[in-house]
Amino acid sequence: MPSPDAWQLAASSTAKHLMREFAKHSHQQPCHLTRLLKSRLNMLASQLQGIGKMLDAETTEPKQILVKFKAVTNGLRSAGHLILDEVFRKGSRYWL
């Protein structure tokens, strides 16, 4: 099982990956943003399933589970930032 530092590094690199991905797609229309967000949500759902498996395993340290929760929280926050950026850059007319 990876150390808590490894989980933090994974969470950090996931957030960096999301920001790079956003930079690639920031100029696209909302339909592309929708696909990107759905992809992110699917990834987060998989991470949540992983947390469920960690909870079932009796050998998992609580600190490791907490780190995984932080990774999911950061991923969700990053996905929310994608929407906020789109709303502020292009106006809310796309989302009404």
When rounded to the nearest 0.5 angstrom, what distance separates CZ in R40 from CG in L82? 7.0 Å

Who are the side-chain contact (heavy atoms from CB on, under 4.5 Å) partners of I65, not counting sequence neighbours? I51, M54, L55, T60, F69

From T34 atom OG1 to L41 atom CG, the distance as rounded to the nearest 0.5 Å: 10.5 Å

I'd like to check H32 versus R35 (side-chain heavy atoms, cut-off strictly below 4.5 Å). Are they in contact? yes

For the atom pair CD (Q64) and OG1 (T59), what is the distance rounded to the nearest 0.5 Å? 8.0 Å

Contact summary for V72 and L48, nearest pair of heavy atoms: CG1-CD2, 3.8 Å

When you compare the side chain of R77 with that of N74, does any pair of heavy atoms fall below 4.5 Å? yes

Indicate yes or no for a side-chain donor-acceptor contact from D85 to the backbone of H81 under 3.5 Å, with no hydrogens or angles considered. no

In Å, rounded to the nearest 0.5 Å, how long is the span from CG of L37 to CD1 of I83? 4.5 Å

